[in-house]
There are 2 protein chains.
Amino acid sequence: MTKAKGANALPLNTILPGDCIEVMNGLPEASVDLIFADPPYNLQLKGELHRPDNSKVDAVDDDWDQFDTFAAYDRFTRDWLKAARRVLKPNGAIWVIGSYHNIFRLGAELQNQGYWLLNDVVWRKSNPMPNFRGKRLTNAHETLIWASRSEGAKYTFNYEALKSLNEGVQMRSDWVLPICTGHERLKDENGDKAHPTQKPESLLHRVLVATTNPGDVVLDPFFGTGTTGAVAKMLGRDFIGIEREESYRKVAEKRLSRVRKYDRDALMVSASKRAEPRVPFGQLVERGMLRPGEVLVSPRGKTAKVRADGTLVGDAMTGSIHQVGAALEGAPSCNGWTYWHFKRDGKTVPIDLLRQQVRAEMAERPN
Amino acid sequence: MTKAKGANALPLNTILPGDCIEVMNGLPEASVDLIFADPPYNLQLKGELHRPDNSKVDAVDDDWDQFDTFAAYDRFTRDWLKAARRVLKPNGAIWVIGSYHNIFRLGAELQNQGYWLLNDVVWRKSNPMPNFRGKRLTNAHETLIWASRSEGAKYTFNYEALKSLNEGVQMRSDWVLPICTGHERLKDENGDKAHPTQKPESLLHRVLVATTNPGDVVLDPFFGTGTTGAVAKMLGRDFIGIEREESYRKVAEKRLSRVRKYDRDALMVSASKRAEPRVPFGQLVERGMLRPGEVLVSPRGKTAKVRADGTLVGDAMTGSIHQVGAALEGAPSCNGWTYWHFKRDGKTVPIDLLRQQVRAEMAERPN
DNA sequence: CTCCTATATGAATCGCGGT
DNA sequence: TACCGCGATTCATATAGGA
């Protein structure tokens, strides 16, 4: 399945064993489109934490106080986020997920390293574990942070696809999804859950549809039982997993071998209009769809006349369909395609209809 | 209204002018039961933003929200949180509210100073401002952090009161409340909003019912137009406000003088309404109830294929389940939920059945 | 009075590609 | 790298005004 060859080949669609920082540092830089990371934050982590002098922290050491914990966790966070940033392409992005125990440290360190926060997203669990003792609120959500590698990066966001997922309404930053249970929850040989924090595939589905395209490379440095890889494979994305625990790797390998990719056309997603081919307004005049001298009209009854070169003459104003529209409305900008209308058979029609006709023709006879 | 007397008297139910750090340092230590703090968010807005109708968005561009660097913001955060911790009683607690711009730095510093995080709470806005350019997810929530002064503190939590606020079900960490608009939103003499970020009283109502008792002292170091004070007064708690800007203090004084206990009724409204949950078709795909690539069938045998974003591909037509259904029937509209069917175990079943399953799951554990 | 429509607005890190 | 022109982009409410 690996695509590239040679020394810097990306080990696509495999699970790499070992410590994620070392493994990431062994990957070629600027090679990955998206990172999804669900880092550990509980006491199991103590085994991999180090003090500033690189002496290993002993979990039962008397000096292990709260400050040590935070400092060590911050160092761990700094190191893996730095390694992650190196392997990200310039226009790449990252998702991290956590709870109130660790998410604030993750978010602050992302900002410190120059990642640019795009959204924080709340995964609102529809069936959380209740708080049995009644001493706090039911902890019914986890937080994800979506960040680009740096400010100004051209990150991937499939706006229309997410809008479609939400029945035509803009997707919000709070996502209601059930936790991972039932058949989806992987069991070990004893019938116990194979991993304590297995994420639901629905969550990864939304993340990957939103912020990757088919063929993108998705890296998960805390692969666990491989939810990221499974959903990436289904959706026609390549993945790289890193996992230090052999038992998790085994479960994940088995899981991935059973996953199948969806049909190619099922992976197509509602496209953004920005991706449509550009049609100069003048082309409508050249093609005779509009005559020079013809009068266009705005929704509020303002008029302008079409010239042979595809410009408009309005009231004391000449320019493009957009410029004249903006000037007449006193607006900073204007989409002339939807603003201007023409008359055919007594009906008033937006000129965008003509553009759609041209685009349809172009699709039939591509140049 | 002041209770105590002498040099260390607490200035109860008053608004203190000045910088909150200096003022807090002038208050007696260990004297306050709860702090609610809505500090500057450090938004880093560049240009202007217009709605699609070309109207300009009134941005938060006030001087008090400007910080040059993260380091400067962190210094400010460290200083006021330290001053706040000094005035808190040993069993006191704090709430802070913020967005992704600042909440991670707030949370990390709370942990660094020895505050003990109890919950993070998500305020899910029922009517947030959309993302007008379609470049990100709608920023539809803000985050609150609830923390005790230190680990092991006997903090106040009125479990039963919150349970009854939530119709007998344990209160969760995500709260759906509308933003502050209409009559509740305070206006200046020009009729413009008096403060750019006024919080809804319903939010403070829930916070104070949950984590204070009548007679408790509530301190708000970023008092603004005094929502904390107003709700505290309604609920029979004492408050101390600190506010630098004279104009905000004036508005708050006027507001507080008018507050009456019966205003409490208005606060109860938002919790009770629970609409039929909307289930987007895309969610069935995300949840794996339908696979991308799966074929749906109409009663008259027309077919369409499911895509990963919850749209359908029909004959020369792509769109929502409703749009494709309407197009295939040549009808102006179509209820896709009853029109489209899928096959399971040789039987043909309407997709509405899947929606009912999702709704049933949601109804088991509402909110 | 009701009903309907039009308008206003909210803590926002809100283009992109060609020259 | 900076400028410039095309052209894409919104949801839930509250209020006001007209029928």
Side-chain angles (χ1 to χ4, degrees), chain A residues 111 115-120 146-148 151-155 157 159-160 163 166 168-173 271-276 278-282 310-311 319-326 331-340 351-352 355, chain B residues 38-62 64-67 70 97-103 123 125-143 176 178-185 187 191-193 195-200 222 224 270 275:
Chain A
Q111 291 179 310
Y115 288 95
W116 194 244
L117 303 197
L118 298 167
N119 275 118
D120 59 337
W146 173 38
S148 60
E151 185 179 1
K154 288 173 194 157
Y155 56 90
F157 180 51
Y159 174 74
E160 288 293 341
K163 199 170 163 179
N166 201 30
V169 183
Q170 202 172 75
M171 185 70 82
R172 301 169 35 121
S173 57
S272 89
K273 290 177 186 164
R274 283 181 229 273
E276 300 267 331
R278 211 174 66 87
V279 176
F281 175 71
T311 55
S320 72
I321 52 172
H322 316 292
Q323 288 168 338
V324 176
S333 70
C334 169
N335 184 346
W337 291 106
T338 52
Y339 180 76
W340 292 111
I351 59 174
D352 198 38
R355 182 169 66 162
Chain B
D38 182 11
Y41 285 13
N42 189 24
L43 300 184
Q44 294 159 40
L45 306 178
K46 303 262 158 44
E48 294 185 342
L49 179 64
H50 293 87
R51 298 184 182 80
D53 66 2
N54 280 320
S55 62
K56 190 177 158 220
V57 174
D58 185 14
V60 179
D61 53 4
D62 307 71
W64 49 256
D65 200 47
Q66 307 298 322
F67 294 83
F70 282 132
I97 181 168
S99 66
Y100 67 86
H101 310 86
N102 70 327
I103 196 66
W123 169 27
K125 303 179 184 184
S126 55
N127 49 348
M129 189 165 77
N131 184 293
F132 296 117
R133 307 304 293 268
K135 301 306 293 182
R136 303 181 180 191
L137 301 162
T138 306
N139 202 344
H141 74 275
E142 293 188 29
T143 302
V176 179
I179 60 176
C180 183
T181 59
H183 290 304
E184 191 186 326
R185 190 83 194 216
K187 306 290 193 296
D192 300 321
K193 57 189 176 192
H195 192 283
T197 70
Q198 186 183 341
K199 296 293 174 288
F222 307 96
S270 46

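Below, chains carry the letters A, B, ... as their sequence lines are ordered, and counting in each starts from 1.
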C:dT9 and D:dT10: how far apart are their C1' atoms, nearest whole angstrom? 12 Å

Which sits closer to the 5' end of DNA chain D, A:Q323 or B:H183, going by the nucleotide each is nearest to? A:Q323

Audit row: B:K56, B:E48, side-chain contact (heavy atoms from CB on, under 4.5 Å) steps and yes/no: CA-CA 7 Å; B:K56 190 177 158 220; B:E48 294 185 342; 3.3 Å; yes

Can you tell me the distance, in whole Å, between the CD atom of B:E184 and the P atom of D:dA14? 11 Å

Atom OH of A:Y159 and atom C1' of D:dT9: how far apart are they, to the nearest Å? 7 Å

Is there a side-chain contact (heavy atoms from CB on, under 4.5 Å) between B:E142 and B:K199 once you walk through the steps? CA-CA 11 Å; B:E142 293 188 29; B:K199 296 293 174 288; 3.9 Å; yes

Neighbour count above 12 (heavy atom, 6.0 Å) for A:K273 NZ: no

Mind checking the P distance from D:dA8 to C:dG18? Whole angstroms is fine. 15 Å

For B:W123 and B:P178, which heavy atoms make the closest approach, and how far apart are they? CZ2-O, 3.8 Å

Given the P atoms of D:dG7 and C:dG10, what is the spacing between them in whole Å? 32 Å

When we call it a touch if two heavy atoms are under 4.0 Å apart, what does A:R172 touch: a base, just sugar-phosphate, or nothing? nothing

Rounding to an integer number of angstrom, what distance separates D:dA19 and C:dC1 when you compare their C1' atoms? 13 Å

For D:dT15, is chi within 90° of 0 (syn) or not (anti)? anti

Got a sec, which residues hit salt bridge (charged side-chain N to carboxylate O under 4.0 Å, His left out) with B:D62, two or more places apart in sequence or on another chain? none

Specify the closest pair of heavy atoms between B:R136 and A:W116, including all atoms of both residues, with the distance to one decimal. NH2-NE1, 3.7 Å

For A:Y155 and A:W146, I'd like to know if the aromatic rings sit close, meaning centre-to-centre distance below 6.0 Å. yes

How is B:H50 classified with respect to the nucleic acid when contacts are heavy atoms under 4.0 Å: base, sugar-phosphate, or nothing? nothing

For B:S126, answer base if it contacts any base atom (sugar-phosphate contacts may also be present), sugar-phosphate if it contacts only those atoms, and nothing otherwise; contact means non-hydrogen atoms under 4.0 Å. sugar-phosphate

For nucleotides C:dT13 and D:dT13, find the distance between their C1' atoms and express it as a whole number of Å. 26 Å

Expressed as a whole number of angstroms, how long is the span from A:M171:CE to D:dC11:P? 12 Å

Heavy atoms under 4.0 Å is the rule here; annotate nucleotides 9-19 of chain C 5' to 3' with B where the base is hit, S where only the sugar-phosphate is, and - elsewhere. BBBBBBSSS--

Sugar-phosphate, base or nothing in reach of B:T138, heavy atoms under 4.0 Å: nothing

Whole-Å P distance, C:dG17 and D:dT9: 14 Å

Above 12 or not: heavy atoms from other molecules or residues under 6.0 Å from NZ of B:K46? yes

Pairing string of DNA chain D (Watson-Crick or G-U wobble, both atom distances under 3.5 Å; | = paired to other strand) is .|||||....|||||||||

Shortest non-hydrogen contact from A:L117 toward A:Q111: CD1-NE2, 3.7 Å

Taking only side-chain nitrogens and oxygens of A:H322, does any of them come within less than 4.0 Å of OP1 or OP2 of D:dG7? yes

Between B:S99 and B:H101, do the side chains contain an N or O donor and an N or O acceptor separated by less than 3.5 Å? yes

Rounded off to whole Å, could you give me the CD-to-C1' distance for the A:E160 and D:dT10 pair? 12 Å

